[in-house]
Visitor: 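First the structure, then my questions, so here it is.
Predicted, not measured: the structure shown is a model, and the values here were computed from it. When reading the values below, keep in mind they use all heavy atoms of this one structure, side chains included, and skip hydrogens, waters and symmetry mates.
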Amino acid sequence: MTGILGTGSYLPEHEVGNEELAARFGVTPEWITGKTAIRTRRYAAPGEAASDLAVHAAERALTDAGLTAADIDHLVLATSTGDHIVPQTSTVVQAAIGAHRANCLDINVACSGFVHALVTARGLLALQPGGRALVIATDVWSRFTDPHDRSTAVLLGDGAGAAVLGEVPAPLGFLGHLLRGHGADRRLLVVDAGGSRLPASSETVAGTRHTLRMIGREVTAFAHSVVPREIGELLSSQGLAPQDIDHFVPHQANGVLLDKLVATLGLRDNAAHRTVERYGNTGSASIAVTLDEANRAGALREGELVLLSGFGGGMAHGSALLRWHQGAPA
């Protein structure tokens, strides 16, 4: 069985509280908290890129797993805000940490990227018994947020999280997953320019076409309608009910949205883990960061059921279910 051997995360030092953003947008800090449950978020320092955050998280995950970069066969990195178009950010991280044997690939599935990366790494390891994979999610959304767009600026922050995958004793490890795209809704979260359809130009820069645009009400509707239905599919496929889940680690999109989502799912009151209040929405990194904090707090116990769920840009949804393994590699 493939499971998680160790976790790590990294948040930049620069903290941006609601007071700073409230003054910019002519609202109160309490207004931001009431709409999002977010009180503060972190921004990368000047010169600090997605790969820099990823390196810190990766090294911490390797230490937690009791392994070194030389032990890694596959490095799968999820990001929508990578260092470059080419090369892939995973190769930048590979060189920095010394994972010189590793196959490297990037995945861009926005906020569900970490789950998609985990499932991809699990598939690669199924073809290589005894192999190990380093899965990283990192985003620097502060560089792609319009500072005058209140709907996104109050939500987004920067961060990175990581997990090391390898063999664990049965029946622990990953049990199942559900990945699904909803491309008909792709207009709900968009960065218009910078790709082959609308390359960078003076006009696209002047028109702030390189920053994230979101139709917030429809994104919320997507989360409340699609995510519970598809999580229900995954649980049913494993013969499980929501009340069987010990730990729910969702994408930290918005704290108010998460409260409603947990209620709709019918999970136990204490099942959901949250970091959104302190870090905001860190994109693909949010599940990885939250999982690491739960792991390091000792909240996850051997054999407990952990449900990971990411949803957002694409639109896309991905959930994965595992029985937690606590300890050294098998």
Side-chain angles (χ1 to χ4, degrees), residues 1-11 50-51 53-79 89-107 113-138 159-170 172-175 177 247 249 284-304 306 308 310 318 320-330:
M1 295 283 285
T2 298
I4 292 177
L5 307 178
T7 63
S9 61
Y10 174 77
L11 285 305
S51 66
L53 277 57
V55 166
H56 290 299
E59 290 174 341
R60 292 172 182 179
L62 288 167
T63 298
D64 189 48
L67 299 171
T68 70
D71 297 314
I72 298 302
D73 300 287
H74 303 283
L75 198 164
V76 185
L77 185 143
T79 187
T89 302
S90 53
T91 61
V92 181
V93 176
Q94 177 201 36
I97 66 175
H100 301 303
R101 294 195 305 114
N103 158 47
C104 299
L105 67 152
D106 286 12
I107 289 179
F114 181 63
V115 176
H116 282 73
L118 287 174
V119 174
T120 299
R122 181 190 178 198
L124 291 169
L125 292 178
L127 300 173
Q128 185 180 359
R132 287 152 179 161
L134 174 60
V135 176
I136 311 168
T138 181
V164 178
L165 272 59
E167 289 188 1
V168 299
L172 306 177
F174 285 94
L175 304 177
H177 66 269
H247 303 279
V249 187
S284 66
S286 76
I287 296 174
V289 168
T290 306
L291 180 66
D292 180 51
E293 291 215 350
N295 181 32
R296 290 176 186 274
L300 311 178
R301 299 182 184 278
E302 185 91 356
E304 290 184 328
V306 179
L308 312 176
L321 184 68
L322 65 153
R323 287 198 179 275
W324 190 252
H325 169 65
Q326 189 70 51

Visitor: Using 0.5 Å steps for rounding, measure from the CD1 atom of Ile72 to the CG atom of Asn103.
Guide: 12.0 Å
Visitor: To the nearest 0.5 Å, tell me how far Asp73 CG sits from Leu127 CG.
Guide: 12.0 Å
Visitor: Under the 3.5 angstrom rule, does the side chain of Arg323 hit a backbone N or O of Gly303 as a donor-acceptor pair?
Guide: yes
Visitor: Are side-chain heavy atoms of Glu167 and Met1 found at a separation under 4.5 Å?
Guide: no
Visitor: Sub-3.5 Å donor-acceptor pair from the side chain of Gln94 to the main-chain atoms of Ala102, do we have one?
Guide: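 Yes, because the side chain of Gln94 sits within donor-acceptor range (under 3.5 Å) of the backbone of Ala102.
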Visitor: Kindly give the heavy-atom pair with the smallest separation between Ser284 and Phe114, and that separation in Å.
Guide: O-CB, 3.5 Å
Visitor: Looking only at heavy atoms, which two atoms of Gly161 and Ala285 are closest? And how far apart?
Guide: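 Nearest pair, atom of Gly161 first, then Ala285: N-CB, 4.2 Å.
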Visitor: Can you tell me how far CD of Gln326 sits from CD1 of Ile4, rounded to the nearest 0.5 angstrom?
Guide: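 Here the rounded value is 11.0 Å.
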Visitor: Write down the atom of Ala288, the atom of Ala162, and the distance for their closest heavy-atom approach.
Guide: CB-N, 4.0 Å
Visitor: So which of Leu105, Leu124, Val135, Leu165 actually passes side chain to side chain contact (heavy atoms under 4.5 Å, CB included) with His74?
Guide: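 So, applying the side chain to side chain contact (heavy atoms under 4.5 Å, CB included) to His74 and each of Leu105, Leu124, Val135, Leu165, only Leu124 qualifies.
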Visitor: How many angstroms lie between atom CD1 of Ile136 and atom OG of Ser9, to the nearest 0.5 angstrom?
Guide: 12.5 Å
Visitor: Which atom pair, heavy atoms only, marks the closest approach of Ala69 to Ile97?
Guide: CB-O, 3.2 Å
Visitor: For the residue pair Asp64 and Val164, establish whether any side-chain heavy-atom pair is separated by less than 4.5 Å.
Guide: no
Visitor: Judged by atom type as modelled, is there a donor-acceptor pair below 3.5 Å linking the side chain of Asp71 to the main-chain atoms of Thr68?
Guide: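 The answer is yes, because a donor-acceptor pair under 3.5 Å joins these two groups.
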Visitor: Who passes side-chain hydrogen bond (donor to acceptor under 3.5 Å, both in side chains) against Glu293, sequence neighbours left out?
Guide: Arg278, Tyr279
Visitor: Is the shortest heavy-atom distance from the side chain of Val55 to the side chain of Tyr10 under 4.5 Å?
Guide: no
Visitor: At what distance, to the nearest 0.5 angstrom, does CG of Leu118 lie from OG1 of Thr2?
Guide: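 Here the rounded value is 11.0 Å.
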Visitor: So do the side chains of Asn295 and Trp324 get within less than 4.5 Å of each other, counting heavy atoms only?
Guide: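 They are in contact (side-chain heavy atoms under 4.5 Å apart), so the answer is yes.
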Visitor: Should Glu302 and His325 be marked as a side-chain contact (heavy atoms from CB on, under 4.5 Å) after you check the CA-CA gap, both sets of side-chain angles, and the distance that decides it?
Guide: CA-CA 5 Å; Glu302 185 91 356; His325 169 65; 3.7 Å; yes
Visitor: Quick one: does Val115's side chain get under 4.5 Å of His177's, heavy atoms only?
Guide: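 In short, these two side chains do not touch, never coming nearer than 4.5 Å.
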Visitor: Mind listing the closest non-hydrogen atom pair of Leu125 and Gly131 along with its distance?
Guide: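 Nearest heavy atoms, Leu125 then Gly131: CD2-C, 3.4 Å.
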Visitor: For residues Ala117 and Ala78, report the shortest heavy-atom separation together with the two atoms involved.
Guide: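 That would be CB-CB, 4.2 Å.
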Visitor: Is a side-chain donor or acceptor of Arg132 paired with a backbone partner of Gly166 at a separation under 3.5 angstrom?
Guide: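 Not confirmed, Arg132 side chain does not pair with Gly166 backbone.
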Visitor: Side chains of Leu67 and Leu134: closer than 4.5 Å at any heavy-atom pair?
Guide: no
Visitor: Output yes when a side-chain donor or acceptor of Thr138 lies under 3.5 Å from a complementary backbone atom of Thr79, and no otherwise.
Guide: no
